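What follows is a short report on a single structure.
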Protein chains: 2
Amino acid sequence: MALKNKSMYALLGVLNITPATGYEIKKYCDTVLAGIWNENYGHIYPTLKKLTDEAMIEVLDTDESSTKIRYGITEKGKEELVKWMLAETTLQPARSEYMLKFLFSSQFETEYVLKILRDYRAIYENQRNKYQTFKKSLETGIEEITKKRSVYMTAVLTKAIMSCETNILWCDETMDIIRNAE
Amino acid sequence: MALKNKSMYALLGVLNITPATGYEIKKYCDTVLAGIWNENYGHIYPTLKKLTDEAMIEVLDTDESSTKIRYGITEKGKEELVKWMLAETTLQPARSEYMLKFLFSSQFETEYVLKILRDYRAIYENQRNKYQTFKKSLETGIEEITKKRSVYMTAVLTKAIMSCETNILWCDETMDIIRNAE
DNA sequence: TTGATTATATATCACTCTGATATACTTGTC
DNA sequence: GACAAGTATATCAGAGTGATATATAATCAA
């Protein structure tokens with residue numbers, strides 16, 4: 001009976017850290033969960049309604065004066081979250097436009113593939129720098145989060161940086177191979 | 001005026017290698033493009049119709065006796081494919097259920113995160129072995145593809161293996177950190 | 001203080017994509 | 001010739017994306 005709508009669990013997980021509005025959840029995804037989990041408004045708001053209907057979350061403050069709707073997780077929601085945490089995890093179906101172009105580029109001139117590899121390299125060099133800056137700001141403790149959570153966030157950033165560097169290395173090696181094969 | 005439907009380009013790219021039926025395209029995605037590009041029947045067949053309407057591809061043989069519909073790329077389709085090859089490439093929005101669980105697991109007992117990391121490691125160890133086997137079969141030349149295309153496919157497999165190993169390394173390092181932080 | 005700009009906030013839409021399933025024909029093989 | 005496995009097309013509900021509409025609140029310079 002596991003939900004197929006993965007966004008439900010993402011929202012439950014965020015609300016398990018702190019109560020939030022739909023807007024705040026979106027911001028959390030775009031900052032803390034950047035590179036990990038993407039959410040759209042077009043999915044957040046209907047999902048919040050669905051979760052409310054199923055009593056997994058509840059509306060906390062309905063200030064008449066305010067247009068904000070702040071949600072909090074319920075006991076039922078927490079139970080569902082734990083079930084998901086311990087259940088089997090599925091991999092996202094792959095859709096790498098870069099790799100697709102790379103494979104198809106064998107049908108075209110060499111300049112095509114070199115362009116693709118240069119672009120790909122630039123993307124990951126850029127991302128690596130971004131993650132490194134973020135990691136440093138975590139180490140110097142600007143963000144006010146618990147020690148335990150900072151260990152986890154550092155680990156996530158380390159992973160992102162490692163992945164970027166692996167991709168950059170592969171680009172360099174592959175560009176050499178392609179040039180020599182000409 | 002670039003198409004948003006990325007599947008169109010994937011299908012054009014496959015049909016640029018060889019004419020194929022919808023079923024054969026699906027098989028190609030599940031084997032050669034495994035780990036790179038996912039396609040579903042529910043998207044392939046409508047997209048083939050759309051591409052035919054737009055004269056990017058054409059029906060090749062309509063054996064009255066057969067139910068097969070084999071498609072080939074047209075000149076217009078090839079032009080569109082080239083445009084896409086040279087256009088800017090977009091990254092797939094991230095949706096890593098493993099990393100999401102990992103981050104959320106800081107709210108739970110340590111055993112949760114260790115389970116997640118063990119599962120994650122197992123997945124990538126498994127995948128790495130699969131890709132290594134495939135790479136060896138490429139090197140011994142069982143598959144009958146051109147020299148040029150085999151260079152590209154080897155590069156893709158090398159990338160997949162490198163990524164798996166980076167992930168495995170990260171799991172090992174992170175499990176150590178989590179255990180020591182207890 | 002007013003007017004402009006930016007940030008906050010909810011909501012909806014068309015479209016893309018996923019995964020499952022229905023249906024039917026063909027090809028081995030026991 | 002029965003039965004399974006593989007080939008093939010098609011459709012559906014629902015998940016997810018990205019863009020946009022709308023409106024209010026905060027900030028800040030002229």
Side-chain angles (χ1 to χ4, degrees), chain A residues 1-12 19-31 33-34 36-54 57 59-71 84 88 90-97 100, chain B residues 1-11 19-31 33-34 36-52 54 57 59-71 84 88 90-97 100:
Chain A
M1 277 297 276
L3 308 172
K4 275 194 192 166
N5 184 335
K6 302 287 183 195
S7 296
M8 285 197 174
Y9 297 112
L11 301 201
L12 284 179
T21 66
Y23 185 82
E24 286 164 348
I25 291 172
K26 171 65 173 157
K27 222 167 51 174
Y28 194 87
C29 292
D30 289 349
T31 53
L33 302 184
I36 291 184
W37 197 261
N38 183 65
E39 280 296 345
N40 304 290
Y41 288 127
H43 212 202
I44 289 174
Y45 288 108
T47 303
L48 283 172
K49 268 183 189 149
K50 214 169 165 187
L51 284 170
T52 310
D53 288 346
E54 297 184 26
I57 61 175
V59 176
L60 291 190
D61 37 77
T62 29
D63 261 324
E64 268 107 284
S65 60
S66 166
T67 56
K68 286 187 201 181
I69 310 170
R70 175 160 282 113
Y71 296 90
W84 168 73
E88 223 184 304
T90 53
L91 283 180
Q92 181 186 30
R95 282 215 142 201
S96 166
E97 202 178 346
L100 193 65
Chain B
M1 280 290 278
L3 307 172
K4 274 192 191 168
N5 183 335
K6 302 287 184 195
S7 296
M8 285 198 176
Y9 297 111
L11 302 201
T21 67
Y23 185 82
E24 286 164 349
I25 292 173
K26 171 67 172 155
K27 222 169 50 176
Y28 194 87
C29 293
D30 290 349
T31 53
L33 302 184
I36 291 183
W37 197 259
N38 182 64
E39 281 296 345
N40 304 290
Y41 288 127
H43 211 201
I44 289 174
Y45 287 108
T47 303
L48 283 173
K49 269 184 188 147
K50 213 171 168 188
L51 284 170
T52 309
E54 297 184 24
I57 61 175
V59 176
L60 290 191
D61 38 79
T62 27
D63 262 323
E64 268 105 285
S65 60
S66 166
T67 55
K68 286 187 199 179
I69 310 170
R70 175 161 282 111
Y71 296 90
W84 169 72
E88 223 184 305
T90 52
L91 283 180
Q92 180 186 31
R95 283 215 140 202
S96 167
E97 202 178 347
L100 193 65

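Naming: A, B, ... by sequence-line order, numbering from 1 per chain. A quick note: this is a predicted structure, and the numbers were derived from the prediction, not measured.
- Here the C1' atom of nucleotide dA15(D) and the CE atom of Met8(A) are 10 Å apart, to the nearest Å.
- In this entry the distance linking CD of Glu39(B) with P of dT16(C) reads 12 Å, nearest Å.
- The interatomic distance linking Lys68(B) (NZ) with dA10(D) (P) rounds to 15 Å, in whole Å.
- For Asn40(A), the listed nucleotide lying nearest its side chain is dG18(D); candidates were dA10(D), dG18(D), dA11(C).
- Of the candidate nucleotides dA15(D), dT16(C), dT7(D), dA15(D) has the atom nearest to the side chain of His43(A).
- The interatomic distance linking Leu11(B) (CG) with dC17(C) (P) rounds to 10 Å, in whole Å.
- Nearest-nucleotide mapping onto DNA chain D: of Tyr41(B) and Arg95(B), the residue sitting toward the 5' end is Tyr41(B).
- Of the possible donor and acceptor atoms, none in the side chain of Lys26(B) sits under 3.5 Å from a partner among the backbone N and O of Asn40(B).
- Neither OP1 nor OP2 of dT8(C) sits under 4.0 Å from any side-chain N or O of Lys26(A).
- Considering only side-chain N and O atoms, Asn38(B) lies nowhere under 4.0 angstrom from the phosphate OP1 or OP2 of dC17(C).
- Ranking dA10(D), dT8(C), dT16(C) by closeness to the Lys4(B) side chain, first place goes to dT16(C).
- Remark on DNA chain D: of its neighbouring residues Trp37(A) and Gly42(B), the 5'-side contact belongs to Gly42(B), judged by nearest-heavy-atom nucleotide.
- Rounding to the nearest 0.5 angstrom, the gap separating the CD atom in Glu24(A) from the OG1 atom in Thr21(A) is 3.5 Å.
- Contact between the side-chain N/O atoms of Asn5(A) and the OP1/OP2 oxygens of dG16(D) is found at a separation under 4.0 Å.
- At least one side-chain nitrogen or oxygen of Tyr45(A) sits closer than 4.0 Å to the OP1 or OP2 atom of dT10(C).
- One interatomic measurement links the two molecules: CD1 of Ile69(B) to C1' of dA24(C), which rounds to 14 Å at whole-angstrom precision.
- What separates CD1 of Ile25(B) from P of dA10(D) is a distance of 12 Å, to the nearest Å.
- Side-chain proximity of Lys49(B) to dA8(D), dT11(D), dT16(C): nearest is dT11(D).
- Nearest heavy atoms, Leu60(B) versus Tyr71(B): CG-C, 4.0 Å.
- Here Lys6(B) pairs with Glu97(A) in a salt bridge; the nearest charged N to carboxylate O distance falls below 4.0 Å.
- Comparing dT10(C), dT17(D), dA8(D) against the side chain of Tyr23(B) picks out dA8(D) as the nearest.
- In the set dG16(D), dG18(D), dT11(D), dT11(D) carries the atom at the smallest distance from any side-chain atom of Pro46(B).
- Between Thr21(B) and dT9(D) there is a side-chain N or O to OP1 or OP2 distance below 4.0 Å.
- Here the nucleotide nearest the side chain of Pro93(B), chosen from dT8(C), dG18(D), dC17(C), is dG18(D).
- The two residues Ile57(B) and Leu48(B) come nearest to each other via the heavy atoms CD1-O, 3.5 Å.
- A close approach under 4.0 Å does not occur between any side-chain nitrogen or oxygen of Lys6(A) and OP1 or OP2 of dA15(D).
- At distances below 3.5 Å, at least one donor-acceptor pair connects side-chain atoms of Arg95(B) with backbone N or O atoms of Asn38(A).
- Between Gln92(A) atom CD and dG19(C) atom C1' the separation is 15 Å, expressed in whole Å.
- Per the geometry, CD belonging to Glu97(A) stands 14 Å off C1' belonging to dC17(C), to the nearest Å.
- For dC17(C), the OP1/OP2 oxygens have a side-chain nitrogen or oxygen of Ser7(B) closer than 4.0 Å.
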